[in-house]
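All figures in this text were calculated on a predicted structure; none of them were measured in a lab. Counting starts at 1 for both ligands and their atoms, in listed order.
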Amino acid sequence: MTESTASDGVITGPVGLALAVAGEREGIHGHEHWRRVGENGIDLAHAEGVSCHVALLFAILHDCRRENDGQDPGHGPRAAELAASLGHEALGITPDELRTLTYAMYHHDRGQVTDDPLVGACWDADRLDLIRVGTRPDRALLSTKSARDPVRIALCTDHRAEPPTWDRLVQRLPDPRRLTADELMRRLDANPRFTRAQGNPDEVTITFISRRR
Ligand SMILES: [Fe+2]
Ligand SMILES: [Fe+2]
């Protein structure tokens, strides 16, 4: 498999290819959202023991063929078609992983849940960023145990800091656990205090404690 590398803002390999074909996009379905989905996806894929590389490709491509920021039910299928046309070798993944990636993209906006940990990591990474449009993710619509963790929800929905750069996300691929001091601080900053309602583990109240003034 061809590795993706990043230095001085130049990303090569499959991730560089995906970014090139995805193109520029701003707004609620643009690069900032994709980078947050990438960060969430790498975290979740790592926690679920599935491919962080596929999760990052999903983040880059899943919304890149939107025709508008509203209802656009064809954007998942168009993204899936794009990935299929690139092929598994160019994307640095196996044929099975390409099938999983295209399935995840095709169906990503249909409100489904799944038992497949890689599809689940991709869908959950996207849904955990719903907070950007003012919607707290519904735990019943999260597929992976890792994403349903209240601490995870609090971390992923803390938007006080910029999401990581694409370079940084590529650099995390070989060792997804490794966080820089800044990243660690950002996550500690979002350290939530949460309480579970008695008798109902699904009802969670989260209070953010910020050390910033
Ligand atoms: Fe989408
Ligand atoms: Fe999205």
Quiz prompt | 2.8 Å cut-off met by an N, O or S atom of Asp63 to the Fe ion (ligand 1) | solution = yes

Exercise. Tell me whether His75 has at least one N, O or S atom under 2.8 Å from the Fe ion (ligand 1).
Key: yes

Quiz item: How long is the span from the CZ atom in Arg66 to the NE2 atom in His75, to the nearest 0.5 Å?
Solution: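 Nearest 0.5 Å value for the CZ-NE2 distance: 4.0 Å.
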
Below 2.8 Å, any N, O or S contact between [X] and the Fe ion (ligand 2)?
X      : answer
His108 : no
His29  : no
Asp126 : yes

Quiz item: Going by distance alone, is a donor N or O of one side chain under 3.5 Å from an acceptor N or O of the other, for Asp126 and His33?
Solution: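 Checked: Asp126/His33 side chains pair up, N/O donor to acceptor below 3.5 Å.
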
Quiz item: Side chains of His62 and Trp34: donor-acceptor distance under 3.5 Å anywhere?
Solution: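 Side chains of His62 and Trp34: no pair found under 3.5 Å.
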
Exercise. Answer yes or no: are there more than 12 heavy-atom neighbours, outside Asn68 itself, under 6.0 Å from its atom CG?
Key: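 Buried by this count: over 12 neighbours within 6.0 Å.
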
Quiz item: Looking at side-chain heavy atoms only, is the closest gap between Asp72 and Arg78 below 4.5 Å?
Solution: yes

